[in-house]
Amino acid sequence: MEKRFNFLKYEEEIYKAWEQGGYFNPDNQKNCRAVFSIVMPPPNVTGNLHAGHGSMLAIEDLMARWARMRGKQTLYLPGTDHAAIATQTKVEKDLLKRTGKTRHDFPREKFLKLVLEFIDKSKETIHKQIRRMGTSCDWSREAYTMDETRTKLVRMVFKMMFDNGLIYRGERTVNWCPGCASTLADDEVEYKKEKARLYYLNYPLASGKGKITVATTRPQTMLGDTAVAVNPKDKRYQKLIGKEVLLPLTQRRIPVIAEPYVDSGFGTGALKITPAHDMNDYRIGIKHGLEIRNIFNKDGSFNQKAGKYQGLKGGERLKRILVDLGNQKVLEKIEDYEHSVSICYRCGTALEPITSRQWFISVSKKTLRGRKGKLVSLKQRALEAVRDREINIIPARFNKTYNSWMNNLYDWCISRQIWFGHRIPAWYCKKKNNGCGRIMVEVDKPKKCDKCGNKRLVRDSNTLDTWFSSGTWTFSALYQKPEEVRLGQDNVLVKNNLQKKYHPTTVLETGYDILFFWVARMILMTTYAMKEVPFRNIYLHGLIRDKLGRKMSKSKGNGIDPVDMIEKYGADATRLGLLLGNTPGNDLRIYEEKFSGFSKFITKLWNISKFIIENAKNDSDSPVKSQVLTPIDYYILGRYKKLSREVTENLDNFNFSLAGEKLKDFTWNDLADWYIEVSKIEPGKEKILKMIFKGLLKMWHPFIPFVTEKIWSEFQDKNVKKSMLMAEQWPGDGLRGQRIDPAAEKQYEAVIDLVKKIRKVKNLYNISTGAGIKVNIKTQDKKTDKLIESQRHIIQKLSGIEGWTIDKNKKTGLLSFAFTKGVVEMELPRGFDLDGQKKLLQKEIERLKNLLRACEAKLENRSFIKRAPKEIVEKERQKLKTLEKKLQELKP
RNA sequence: GGGCGCUUAGCUCAGUUGGUUUAGAGCGACUGGUUUACACCCAGUAGGCCGGGGGUUCGACUCCCUCAGCGCCCACCA
């Protein structure tokens with residue numbers, strides 16, 4: 001075997017062997033009793049895998065490999081997302097950089113072709129990166145959110161919802177991003193604190209006497225005002241409610257209305273209402289039946305409703321209006337003010353709420369059968385799913401987050417004005433060509449209007465929010481070809497064989513940051529279209545941060561590229577760096593030292609295997625026989641049994657990190673540092689070593705598939721046909737029904753402790769191994785004497801002493817110290833520092849005394865004796881005895 | 001304003017339902033070591049009133065309350 005695991009040489013080769021061997025395809029798994037399925041959250045086709053993807057893939061692949069080894073037929077389905085806005089923005093940016101042109105310099109179809117070219121290239125990169133992580137997904141079933149099958153499905157679901165009245169078209173005030181030139185959903189809006197000015201404007205009463213002063217940060221919107229609102233409880237304004245004011249600059253009459261939403265304590269307590277250009281004003285406007293007066297064009301400039309200001313935009317417009325307002329003595333005062341501005345979560349541009357005609361999904365219209373048979377809305381059904389634990393969220397605290405978001409959900413605006421994406425499958429019968437204006441929603445383009453027969457049909461130019469299609473992902477990804485996408489009875493999509501077996505999926509693994517964007521949407525869409533939940537479990541991972549806890553970002557340059565780490569330290573070390581210390585729902589800090597640290601462990605594992613293979617070459621895999629077992633064999637077998645139980649339990653409970661920690665601890669400490677060291681002294685351990693190590697390889701495999709697979713192949717008999725580790729069964733405790741006395745394991749701990757204590761003292765006084773030191777040991781019972789005597793060679797060798805006596809009455813030296821089952825007295829080496837020893841002894845005595853005192857206090861406490869369980873009290877009594885004995889013996 | 005999380009060794013974190021913990025690991029620091037896998041190693045040392053206070057309990061790092069600091073999400077007062 002090579003000196004170290006040469007991951008650069010083998011990783012690709014091993015991955016190919018898995019893939020070509022068909023191990024990723026569940027159809028090749030025979031005789032399975034259970035099923036496990038996970039659909040990969042599709043990375044955007046836009047670019048490179050980042051550390052977040054890396055951790056996602058590591059966790060998912062761990063689950064998939066583990067499930068397979070436990071005999072579950074496992075589907076891990078990969079895919080990519082067309083990511084409408086993100087992709088289009090990226091292509092537009094590149095285009096501008098390369099040619100100086102914008103998308104509007106091209107016909108729509110030509111531009112889309114450029115997007116597709118970009119995607120083809122980008123997809124390849126992502127495929128490669130996913131493979132390099134060792135991801136064991138079934139490539140034969142890869143899906144893409146915008147391929148033919150998914151396109152048909154998206155249209156089908158759209159039509160279902162439209163026919164049900166869940167999708168409707170409406171004139172609404174929505175968030176408009178001038179940067180993306182598109183609408184955004186409410187939760188795609190972010191807020192940023194910004195310094196601004198608060199302008200106080202006087203609106204004269206129409207009656208001619210008096211005025212109302214309103215405060216605003218955007219005086220330019222005043223031309224769209226259709227009311228002034230005051231709080232009905234505000235005494236200052238009560239008598240003005242129902243009267244009218246004259247809107248300055250235009251002299252339009254607008255009413256003064258009563259609205260409890262208005263905060264009397266803010267500004268002047270009077271709020272100008274601009275329903276067309278403010279989300280809250282819009283709600284108030286609808287409530288009071290106010291005119292929605294849109295004064296902006298799509299590019300942000302004023303339209304004809306702004307009268308003489310038409311066409312103006314930006315700072316110049318603001319200046320003109322302020323000057324005019326000033327001249328008419330409308331502008332009362334200006335204050336500095338800090339408030340939050342709504343910005344686009346993708347491009348950061350300040351949003352302009354505008355009113356326009358958009359498509360929406362109603363989340364509160366009742367069209368679905370709930371769990372109790374009643375008609376419920378999408379929102380109610382989605383709440384039910386989590387409340388009734390059809391879906392289990394890990395960690396559980398996100399239940400609360402999910403509920404509060406779902407409870408506050410408004411109708412979802414799904415139309416976008418960008419070009420790239422699923423185009424809305426709605427056709428209009430063109431009025432200008434003698435049509436009737438009917439809207440038809442169909443999967444395929446209708447030949448003619450189904451009402452008037454007109455053949456001039458025009459398709460809606462809008463595209464769908466990217467979350468609409470990804471909201472169908474768990475089931476849409478399972479369709480294999482367009483023909484399978486069919487509407488069945490009762491408004492449910494017909495399941496294909498794959499879905500019958502694997503849907504709902506076992507677990508959805510994703511970041512908590514897209515709980516709303518994506519996870520919640522999937523629940524809405526799936527409970528509607530499939531009438532079942534999309535998944536049984538949601539495992540939410542945290543965000544990946546840098547060493548200082550900052551988010552990783554390109555602009556900060558603090559990102560760690562997982563592929564870089566793979567190239568430097570190997571995919572296995574990279575996976576460990578992303579898996580260990582990573583707990584559900586909590587952010588993970590990563591930095592290069594972490595990965596280099598784990599690469600050391602990979603080397604350690606490699607070396608252990610080298611040792612075992614060299615020593616156990618000719619040993620068969622026959623079962624371990626109890627009659628030849630020595631005390632340390634019992635010890636290691638007991639520990640191994642416990643380990644296999646704990647690892648399985650922890651993996652079952654999604655505690656991946658803890659399972660890995662335990663494995664690492666056992667591998668390095670119990671196995672390498674103790675058992676292997678002892679095996680060099682006490683021969684005949686080949687069978688056990690091999691048995692345990694093979695089990696360990698299996699348990700390690702889901703964490704670090706490459707190196708374990710390689711080592712596994714080294715164990716294979718060259719003459720026998722090779723089997724792959726990834727297809728092995730998950731190991732049991734390796735004992736084949738044989739009993740291991742737990743007391744034996746416990747007892748052996750005394751031996752380990754004795755060795756450790758002797759080493760410690762020797763180290764402390766700089767006593768070298770060759771010094772020929774002898775000790776006398778005084779123990780508390782004959783059993784221990786016997787055990788220690790039987791381990792003579794091992795103890796001597798490991799602790800580096802020449803020999804010992806076991807004699808209760810012997811008084812040899814001043815250098816005495818305790819171990820768990822007794823006291824050791826060490827011969828004095830020449831030139832020994834007596835004072836130092838006394839101090840050490842004193843320290844030990846103090847420590848034991850403190851423990852003793854605490855122990856005594858506990859036992860003197862009557863309620864403790866009365867109320868604590870018997871075993872605990874008994875344990876405490878034993879502890880006291882041991883401590884007393886030890887103290888006695890230590891006293892000079 | 002509403003909600004959630006974090007605070008344990010110099011740093012990064014474990015500690016799963018309160019008692020096998022006499023609080024652990026890795027990194028870093030320090031001491032010593034080439035003993036037929038491994039110097040990407042081995043043996044060992046130092047370092048912590050488990051953020052402060054109160055409570056429940058026989059018993060609290062663990063449960064409850066409260067305060068403080070940090071972070072996140074949602075709402076957004078114009």
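When reading the values below, keep in mind they use all heavy atoms of this one structure, side chains included, and skip hydrogens, waters and symmetry mates.
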Student: Side chain of A:Lys760: nearest nucleotide among B:A37, B:G44, B:U16?
Tutor: B:G44
Student: Closest nucleotide of RNA chain B for A:Ser599 versus for A:Thr217: which of these residues is on the 5' side?
Tutor: A:Ser599
Student: Is it the case that A:Lys604 places NZ or CZ above or below the six-membered ring of A:Phe601, under 6.0 angstrom from the centre and within 45 degrees of the axis?
Tutor: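 No, A:Lys604 and A:Phe601 do not form such a contact.
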Student: Please identify which of these residues, A:Ile752, A:Leu754, A:Ile681, meets the side-chain contact (heavy atoms from CB on, under 4.5 Å) condition with A:Ile795.
Tutor: A:Leu754
Student: Counting only side-chain heavy atoms from C-beta out, which of B:A43, B:G19, B:A37 sits nearest to A:Glu677?
Tutor: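 That would be B:A37.
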Student: Taking only the side-chain heavy atoms of A:Leu658 (C-beta and beyond), determine which of B:C41, B:G15, B:C77 contains the nearest atom.
Tutor: B:G15
Student: Tell me yes or no: between the side chains of A:Asp281 and A:Tyr261, is some donor less than 3.5 Å from an acceptor?
Tutor: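 No, no side-chain donor-acceptor contact under 3.5 Å.
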Student: Thinking salt bridges, do A:Glu614 and A:Lys610 make one under a 4.0 Å N-O criterion?
Tutor: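 Between A:Lys610 and A:Glu614 there is no salt bridge, as every charged N stays at least 4.0 Å from the carboxylate O atoms.
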Student: On the nucleotide B:C38, are OP1 or OP2 found under 4.0 Å from the side-chain N or O atoms that A:Lys600 carries?
Tutor: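 The answer is no; no side-chain N or O of A:Lys600 sits under 4.0 Å from OP1 or OP2.
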Student: Which listed nucleotide (B:A14, B:C77, B:C40) is nearest to the side chain of A:Thr603?
Tutor: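 Selected nucleotide (nearest to the side chain): B:C40.
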Student: Report the nucleotide, chosen from B:C76, B:G5, B:G19, that has the shortest atom-to-atom distance to any side-chain atom of A:Asn586.
Tutor: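 The nucleotide sitting nearest to the side chain is B:G5.
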Student: Nearest of B:C77, B:C76, B:C41 to any side-chain atom of A:Asp263?
Tutor: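 Nucleotide nearest to A:Asp263's side chain: B:C77.
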Student: Of the nucleotides B:G19, B:G5, B:C76, which one has an atom closest to the side chain of A:Arg397?
Tutor: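 Shortest atom-to-atom distance from the side chain points to B:G5.
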